[in-house]
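Presented below is the structure to which this report refers.
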Amino acid sequence: MDKISVAQARQVEAVGREVRLQGWIRTRRDSKGGFSFLELNDGSCQGNVQILADASLPNYQSEILHLTAGCSVTVDGVVRASPAKGQATEVQAQAVTVHGWADAAKYPLQKKGHSMEFLREQAHLRPRSNTFGAVARVRNCICRSIHDFFQEREFLYIHAPIVTASDCEGAGQMFRVTTLDLGKLPRNEQGEIDYTKDFFGRSTYLTVSGQLEGEIFACALGKAYTFGPTFRAENSNTSRHLAEFWMIEPEMAFYELTDNMDLAEAFLKRICRDALERCPEDMKFFAERIDKTAISTLEGVVKSQFVRLSYTEAVEILLKCGQSFEFPVAWGTDLQSEHERYLTEQHFKLPVILYDYPKAIKAFYMRVNDDGKTVRAMDVLVPRVGEIIGGSQREERLDVLESRMKEHKLDPSAYWWYLDLRRYGTVPHSGFGLGLERTVQFVTGMANIRDVIPFPRVPGSADF
RNA sequence: UCCCCGAUAGCUCAAUGGUAGAGCAACCGGCUGUUAACCGGUUUGUUGUAGGUUCGAGUCCUACUCGGGGAGCCA
């Protein structure tokens, strides 16, 4: 007897095999004809396998007739073709062993649909629901695609530190890391908190980006990517923000901005294509239950060519489009969400890559164009989610970078090691950052980012 | 953090300032190679918290908590 997954048992190739299945009951239907139907799920796929439990089983009256959603069982039996509609196969049980009961009067998950808000409060049980099982599988598929994509292109997977002493990475508020006793802080002579007494001998924080470390490795080994947790202490309360999220940051030596855009486009297409090919059942579920356009959107991404548009051209389109916006469009100001959404959702109905932004609204490390007014930045915008990738060609010229840091009122001495990369053997290089959860949102159609990460951390909430 | 909306049974929701209800779930019974099964019956409440107005508050007012939508910041 082979132990197989529900996914395997649902395939017609399994017919005739004597197998062991282990998982959780989703529902039970009794027939007074003398048997019961059990729907068994083990997480291996979206669908359940139907178990036929005959009244002749020794524990039929005592146990099987009391099985409810959530009970855990081992089923030994024979896979056979199902005579009824709804499934290709079913399993005739020879033995059903109950491992754990789930009191139906108390078990929070019912057979019928629950709201996402309710399931979020049951984060320890929600992976047992159809939706969150599908999200978990697709999230896993996306992570696999990410590694496959870069590994096949000879990128090195680099582990950037999670604790960082760099308090000026410029990407928002940071979480402080300390072992100091908050009720008894050491003070120096000026009465300020004395961080030299802290664990690392200085102020430390959770990372907001692995980019600078990625640049170090790209400027030594050519192509690198980081893939790890990222922390932002911003008080953001939206369906697209988390305080703890996962980010992928490739960084490539000898890549200019167009190479960077080519890579980003190929990258997103690979993720979408793999989701369609490797998770067809889950994607069908998302299209039926979550977002009707889930599959067609991904097919569109795979087939289409992304629109590439300079910031200046985008501003011209927005000024001429006749659409009324809450915020006015003007060259030199950052585009608002409504502007970005108009471009990707209405005007082009495609992913859009915007590039060459005004330098005043972008980070210090982005390469200054010859016009002196714009920098080699790019944002990839997708329908419904908005900005999914942000990247740039990095400023590789030491003197330009130093003057840019001064413009941003940053102290170059704090970045001595970053500047060393330009001081010794500098190269043109580029990179970008992709938010994993926003990607999962885009692929699945899930509306809230809190529902595409197992245990969301947001302002005021770190449950589970 | 700002703007708007919401919180009523285990879940999803209804209830003109005047006796708190339905569907689903659960439980009991019936029926059936069933498919979110179906049919009949039974049970289910500190109406988010704390104040206030009123003869009377689920309903009106204030504050707070939590949730949702939008905005900002961004990935």
How is A:I389 classified with respect to the nucleic acid when contacts are heavy atoms under 4.0 Å: base, sugar-phosphate, or nothing? sugar-phosphate
Test salt bridge (charged side-chain N to carboxylate O under 4.0 Å, His left out) on A:E407 and A:R404; report intermediate values, then the result. CA-CA 5 Å; A:E407 284 170 31; A:R404 286 284 285 155; 3.2 Å; yes
Is the phosphate of B:G69 approached by A:N448 (side-chain N or O, under 4.0 Å from OP1 or OP2)? yes
Say we look at B:U35 and B:G41: how far apart would their C1' atoms be, to the nearest angstrom? 25 Å
With P as the reference atom in both, quote the distance from B:G58 to B:C24 in angstrom, rounded to an integer. 28 Å
Distance in angstrom units between A:H241 NE2 and B:A71 C1', rounded: 11 Å
Over how many whole Å does the gap from A:F327 atom CZ to B:G70 atom P extend? 14 Å
For A:S203 and A:R176, which heavy atoms make the closest approach, and how far apart are they? OG-NH1, 3.1 Å
On the 0 to 90° scale, with breaks at 30° and 60°, tag the A:F150-A:F267 ring pair as parallel, tilted or perpendicular. tilted
Count the heavy atoms of every other residue, nucleotide or ligand shown that sit under 6.0 Å from OH of A:Y342, and state whether that count exceeds 12. yes
Canonical and wobble pairing (Watson-Crick, G-U, under 3.5 Å) of RNA chain B, dot-bracket with |: (((((((..((((....[..)))).(((((.......))))).....(((((..]....))))))))))))....
If the cut-off is 4.0 Å, is A:R29 near the phosphate of B:A37, judged by side-chain N/O to OP1 or OP2? yes
Take the protein atom CG of A:D103 and the nucleotide atom C1' of B:C27, then report the distance between them rounded to whole Å. 12 Å
Can you find a donor-acceptor N/O pair under 3.5 angstrom joining the side chain of A:Q87 to the base of B:G33? no
If I pick the C1' atom on B:U62 and the same atom on B:U1, what distance separates them, to the nearest angstrom? 22 Å
What's touching nucleotides 8-15 of chain B from the protein side, N or O pairs under 3.5 Å?
| from | atom 1 | to | atom 2 | distance (Å) |
| --- | --- | --- | --- | --- |
| B:G10 | N2 | A:Q110 | OE1 | 3.1 |
| B:G10 | N2 | A:Q110 | NE2 | 3.1 |
| B:G10 | N3 | A:Q110 | NE2 | 3.2 |
| B:U12 | OP1 | A:S115 | OG | 2.9 |

Mind checking the P distance from B:U47 to B:C38? Whole angstroms is fine. 32 Å
With a 4.0 Å cutoff (strictly under), does any side-chain N or O of A:R240 reach OP1 or OP2 of B:G69? no
Relative to the 5' end of RNA chain B, which residue comes earlier, A:A104 or A:A447, by the nucleotide with the nearest heavy atom? A:A104
May I ask you to verify whether the side chain of A:Q50 and the base of B:U34 hold a donor-acceptor pair under 3.5 Å? yes
Using a distance-only test with no angle check, is there a side-chain donor-acceptor pair under 3.5 angstrom linking A:E215 and A:Y365? no
Considering only the P atoms, how many Å lie between B:A15 and B:U32, rounded to the nearest integer? 41 Å
Check if the side chain of A:S236 and the base of B:C73 share a donor-acceptor pair of N or O atoms closer than 3.5 Å. yes
Judged by modelled atom types alone, do A:T258 and A:Y355 share a side-chain donor-acceptor pair under 3.5 Å? no
Atom CD of A:E288 and atom C1' of B:A36 are separated, to the nearest Å, by 13 Å
Counting neighbours of CZ on A:R144 that are heavy atoms of other residues, nucleotides or ligands and sit closer than 6.0 Å, is the number greater than 12? no
Taking the ring centre of each residue, are A:Y225 and A:Y157 less than 6.0 Å apart? yes
Round to the nearest Å and state the distance from A:L40 atom CG to B:U34 atom P. 21 Å
Just how far, in rounded Å, is P of B:G33 from CD of A:E39? 17 Å
Any side-chain heavy-atom pair of A:R384 and A:Q441 under 4.5 Å: no
I'd like to know if the side chain of A:R28 and the backbone of A:L65 have a donor-acceptor N/O pair within less than 3.5 Å. yes
Is the backbone N or O of A:G214 less than 3.5 Å from a side-chain atom of A:T226, with the two atoms forming a donor-acceptor pair by type? no
Length of the line joining A:K106:NZ and B:C27:P, which is rounded to integer Å: 13 Å
Expressed as a whole number of Å, how far does the P atom of B:G33 sit from that of B:C27? 23 Å
How far, in whole Å, is B:G70 from B:G21 if one measures between their P atoms? 37 Å
Can you work out whether A:E90 or A:T68 has the more 5'-proximal nearest nucleotide on RNA chain B? A:T68
Check whether the side chains of A:T374 and A:N369 place a donor and an acceptor atom closer than 3.5 Å, and report yes or no. yes
Tell me what A:E437 touches on the nucleic acid: a base, only sugar-phosphate, or nothing, going by heavy atoms under 4.0 Å. nothing
When rounded to whole Å, the CG to P distance for the pair A:N130 and B:U35 reads 17 Å
Side chain of A:R341 - closest among B:A71, B:U1, B:G33: B:A71
Considering only atom P, compute the distance from B:C60 to B:U44 and round it to an integer number of Å. 28 Å
Please list, in numerical order, the residues of residues 261-269 of chain A that have a heavy atom closer than 4.0 Å to any atom of RNA chain B. none
Which listed nucleotide (B:U1, B:A75, B:A71) is nearest to the side chain of A:N237? B:U1
Between B:U34, B:C73, B:A37, which one does the side chain of A:T27 approach most closely? B:A37
So what does A:S36 hit on the nucleic acid, given a heavy-atom distance under 4.0 Å: a base, only sugar-phosphate, or nothing? nothing
Of all the nucleotides listed (B:A75, B:G33, B:G72), which has the minimum atom distance to the side chain of A:S337? B:G72
Closest nucleotide among B:U35, B:G33, B:G72 to the A:S82 side chain: B:G33
When you compare the side chain of A:T131 with that of A:T444, does any pair of heavy atoms fall below 4.5 Å? no
Phosphate contact (B:C74 OP1 or OP2) by A:T238 side-chain N/O below 4.0 Å: no
Mind checking if A:R289 touches a base, just sugar-phosphate, or nothing, with heavy atoms under 4.0 Å? nothing
Do A:D30 and B:U32 have a side chain to base donor-acceptor pair shorter than 3.5 Å? no
Between the side-chain atoms of A:R80 and the base atoms of B:G33, is any donor-acceptor pair under 3.5 Å? yes
Answer with base, sugar-phosphate or nothing: what part of the nucleic acid does A:L52 contact at a heavy-atom distance below 4.0 Å? base
Donor-acceptor contact present, side-chain A:K362 to main-chain A:Y357, <3.5 Å: no
Non-hydrogen atoms of A:V138 and A:V443 that approach each other most closely: CG1-CG1, 3.8 Å
Using a heavy-atom cut-off of 4.0 Å across all strands, would you classify A:R26 as base, sugar-phosphate, or nothing? nothing
